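Only a predicted model underlies this, so the values are computations on that prediction, with no experimental measurement involved. For the numbers below, each heavy atom of this structure counts, side chains included, while hydrogens, waters and symmetry mates do not. To find a chain, count down the sequence lines: A is the first, B the second, and so on, and within it residues start at 1.
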Amino acid sequence: MGELENKELFKSGHTACAGCGVAVGLRHIMKAIGEDCVIVNATGCVEIFTTAYPKSAWAVPYIHCVFENSAPVAAGVVEALRVQGNDHTKVVVISGDGASYDIGFGHLSGMMERGHDVLYISYDNEAYMNTGVQRSGATPWKAYTTTSQVGSVRKGKQQFKKPLTEIAAAHGIPYAATSTSAHYTDLQQKVKKALSIKGPKFLNVLMTCVPGWGTKPALSMQYLKDAVDAHVWPVYEIENGFLKLNMKPEKKPVETYIKGQKRFKHLNEQDVKEIQELVDEKWDRLLWKEKVDQERKAELEGHSGE
Amino acid sequence: MCTGVSGQVHKNGDGGEVGDIMKKTIEGSFAVAEVVKNCSPDVVACFPITPSTHIAEELDRMYTDGKIKSYTAVESEFSAISMLVGASAAGGRAFTTTDSQGIALMHEVLFAAAGMRLPMVIVAANRSLSAPLSIWNDHQDTISERDSGWIQIYCKNNQEVLDSVPQAFKISEETNIPVMVCMDGFYLTHLVEQIDMPEEEMIEKYLPKRTAEYKLDPENPITMGMYAMPTHYQGFRMDLHKDVINAGENVKKEMEVWGEHSGRKYGNGLWEEYHAEDAEYLFVGMGSVMENAELAIEKMRKEGKKAGLVRIRCYRPFPNEIVESFRGKEGVVVFEKDVSMGADAPLYAELSSVAREKGIETPLSSFMGGLGGKDITVEHIEEMMEKAKEGQVKMVWGE
Amino acid sequence: MKPANGKPGKSMDNKTGSWRTERPVVDRDRCIKCGQCQLNCPDGCIFVTEEGAKPNYDYCKGCGICAQVCPVKCIKMETEEK
């Protein structure tokens with residue numbers, strides 16, 4: 001095969017859907033992590049499309065146990081490695097939004113509170129895609145899923161998306177950040193930065209799901225770029241409690257992102273307007289928070305410099 | 001000196017040949033923590049639940065004093081067993097203790113850990129399951145996990161628990177099957193009595209450092225916990241089933257080897273008999289109630305009654321050959337502290353099935369009782385034995 | 001006795017190219033070797049070579065992301081002839 005050989009740590013031949021945004025993200029994440037790692041994965045799409053016995057897509061040590069326990073399994077790996085005197089192997093969780101926002105939420109919280117040296121990456125495709133698109137705590141407001149259906153009385157998810165990155169940061173962990181599969185430079189830099197920090201780190205990465213979002217496979221990267229450009233998925237990091245927006249694109253209307261996604265096709269003008277208001281409000285809050293945080297940070301650094 | 005120890009600590013006077021044995025008077029839980037420490041675990045993770053809490057507290061104290069390498073106070077039993085999965089997969093020796101609701105919360109991961117063939121040890125301080133809530137002893141919690149793929153050892157007293165923990169680590173690490181050592185909550189965990197503590201030096205000679213056949217290692221990467229299509233799934237499950245059956249040989253062997261190291265043995269490891277051979281009637285059961293049963297048998301023998309007992313020590317793998325001891329008896333009383341709602345009692349059902357298969361016609365009587373801490377006394381055991389003489393009975397003991 | 005553990009990278013045995021209904025065809029004269037296609041491919045199966053981008057059709061599922069992200073639009077999706 002020679003020049004057309006996949007020499008990466010995340011191999012071809014996995015059975016993700018054509019145009020899977022998660023598979024793109026995994027390639028970037030694995031490039032940034034490198035060989036010296038242990039990957040812990042919750043039950044979900046990634047587990048299914050990479051580990052059908054005996055054909056694994058992983059060229060690094062990998063473990064999957066059940067749906068909700070990737071955080072404590074990773075904590076166990078970390079403790080065993082520590083006792084063995086191994087201070088170099090990185091332990092990284094890669095689990096979906098169902099595992100992270102919902103069923104494994106308490107265990108993730110416990111892992112962060114105890115301070116295990118784990119990088120937890122939530123690949124957020126905004127619903128239970130592996131079981132056929134059911135709503136999760138990560139599903140956006142008004143979106144259609146098979147358990148937030150569009151009917152004559154209610155249309156789509158009635159609740160807002162859980163602010164998991166902020167909740168993670170509120171544990172006082174040293175590093176929490178967001179990114180997407182399409183922003184590979186940002187994503188790889190964040191993985192590397194997180195791995196250079198001791199303690200629990202949380203990275204929330206938006207990744208397209210072709211069947212779940214009802215989008216064209218070829219547009220998987222475009223929708224992620226649009227999500228960032230429309231301020232729907234702000235890209236930021238919270239380092240030692242101080243928030244910084246890594247990208248401040250000139251705002252595109254939310255419609256550019258929503259358009260063409262089947263999960264949003266039932267939305268009327270009023271719905272789009274309401275979503276726009278929500279997005280704007282959240283963006284303004286982030287700007288305000290960044291200002292306050294960065295001023296405070298500069299103040300503290302100024303003091304320590306005296 | 002360890003908390004919970006009272007009275008004197010001294011060398012066993014004449015036990016020179018069986019290694020360093022220390023006699024001490026100590027609460028069961030603290031003794032368990034000490035023997036776990038002596039087994040040199042790599043990773044310990046626990047969540048407090050009555051009546052296993054003292055074991056966890058003592059292990060935490062040991063970690064604080066640098067006597068064990070790792071201890072994590074997790075946010076649930078579910079996380080405790082999950083940490084053990086990660087630790088064992090990374091090649092570590094892993095331990096936790098729990099019971100009751102904690103075992104039930106672990107249920108999903110118990111199956112997964114066994115299916116992933118990860119060695120680890122739980123000391124289960126047997127307690128009833130809700131509802132209604134009860135903190136007191138019965139065997140419902142661990143019996144409910146009988147199909148999980150774990151080896152289960154039920155102990156009659158604290159000495160046996162201390163002798164079983166090192167064996168459990170060895171059996172588990174040799175077979176890659178996890179092991180549960182079951183001790184009755186409160187009756188044993190909170191009982192202060194004199195024991196011989198298996199000391200570190202002796203255990204070091206008995207229990208080698210773990211060498212994992214497969215583990216998470218960047219030098220030699222493997223994928224663990226894959227999913228299996230219908231072509232493969234049943235094969236893996238049946239392999240585990242066969243291996244759990246075959247592990248009975250390991251249980252027997254380790255009892256022999258441990259016997260040589262410690263000078264103490266409990267039957268053949270799978271079961272233990274007491275005045276069984278010439279008995280007309282047998283009492284069969286598991287756990288600490290069997291010490292009471294020994295007293296009952298002694299009493300009945302003094303009265304000229306030909307009574308004996310057979311204590312099941314290893315419930316999984318189930319020792320089918322045990323029913324040979326029933327052959328030619330007038331009757332067998334099967335007593336158990338558990339219920340399979342809507343069906344015959346599990347131990348009775350299993351023994352009946354195996355006895356029938358082997359053409360043993362001795363009538364078996366089923367007594368369920370002792371649930372949620374209801375006392376089973378020497379007198380009760382005598383009464384059950386008398387009752388069974390009237391013919392085969394199935395009943396609940398003590399409404 | 002062995003658990004369901006796997007050897008690394010055995011997924012390469014799955015030739016997922018058979019899924020394809022459209023194939024990416026690269027006009028290498030126009031390819032600027034920027035690497036966008038290689039970076040954004042979910043299956044890690046398009047590579048920038050000295051002659052320009054080349055798909056590995058053993059694995060390419062034909063999603064069309066490469067064609068979509070190509071800044072000079074030198075990749076065309078063509079219906080797969082079976």
Notebook entry, point to check: Backbone N or O of B/G225 within a donor-acceptor pair of the A/H64 side chain at under 3.5 Å?
Noted result: yes
- Has the side chain of B/E108 got a donor or acceptor atom that lies under 3.5 Å from a matching backbone atom of A/E68? no
* Got a donor-acceptor contact below 3.5 angstrom from the A/R82 side chain to the B/K69 backbone? -> yes
When the 4.5 angstrom heavy-atom criterion is applied to A/A71 and chain B, the contacting part is neither
So, the part of A/V73 with a heavy atom under 4.5 Å from chain B: the answer is both
Turns out that what part of B/V43 lies under 4.5 Å from chain A's heavy atoms comes down to side chain
If one checks every heavy atom of B/A112 against chain A at 4.5 Å, the contacting part turns out to be side chain
So, the part of B/M116 with a heavy atom under 4.5 Å from chain A: the answer is side chain
Practice task
For the residue pair A/T50 and B/Y227, establish whether any side-chain heavy-atom pair is separated by less than 4.5 Å.
Solution key: no
Bottom line for B/A80: the part with an atom under 4.5 Å from chain A's heavy atoms is neither
In this structure, OG of B/S82 is separated from NE2 of A/H107 (nearest 0.5 Å) by 6.5 Å
Value for SG (A/C65) from CG (B/L84), rounded to nearest 0.5 Å, stands at 11.0 Å
In terms of heavy-atom pairs under 4.5 Å with chain B, the winner among A/K55, A/E35, A/E47, A/E79 is A/E79
Bottom line for A/E113: the part with an atom under 4.5 Å from chain B's heavy atoms is neither
* Neighbour count >12 (heavy atoms, 6.0 Å) for atom NZ, A/K7 -> yes
The interface call for A/A75 against chain B, heavy-atom contacts under 4.5 Å, is both
Taking every heavy atom of B/P218 against every heavy atom of A/C37, the minimum-distance pair comes out as CG-O, 3.8 Å
Answer key: most heavy-atom pairs under 4.5 Å with chain B among A/V91, A/V40, A/N69 is A/N69
In this structure, CG of A/N41 is separated from OG1 of B/T223 (nearest 0.5 Å) by 10.5 Å
Applying a strict 4.5 Å limit to non-hydrogen atoms, the region of A/I48 in contact with chain B is both
Here the pair of heavy atoms bringing B/M226 nearest to A/P54 is CE-C, 3.7 Å
*asked:* Measuring only between side-chain heavy atoms, which start at C-beta, is A/S109 closer than 4.5 Å to B/E75?
replied: no
Turns out that what part of B/D217 lies under 4.5 Å from chain A's heavy atoms comes down to backbone
Okay, A/T89 and chain B: the region with an atom under 4.5 Å from a heavy atom over there is side chain
Aromatic centroids of A/Y53 and B/F236 separated by under 6.0 Å: yes
Any side-chain heavy atom of B/T72 sitting closer than 4.5 Å to one from A/H116? yes
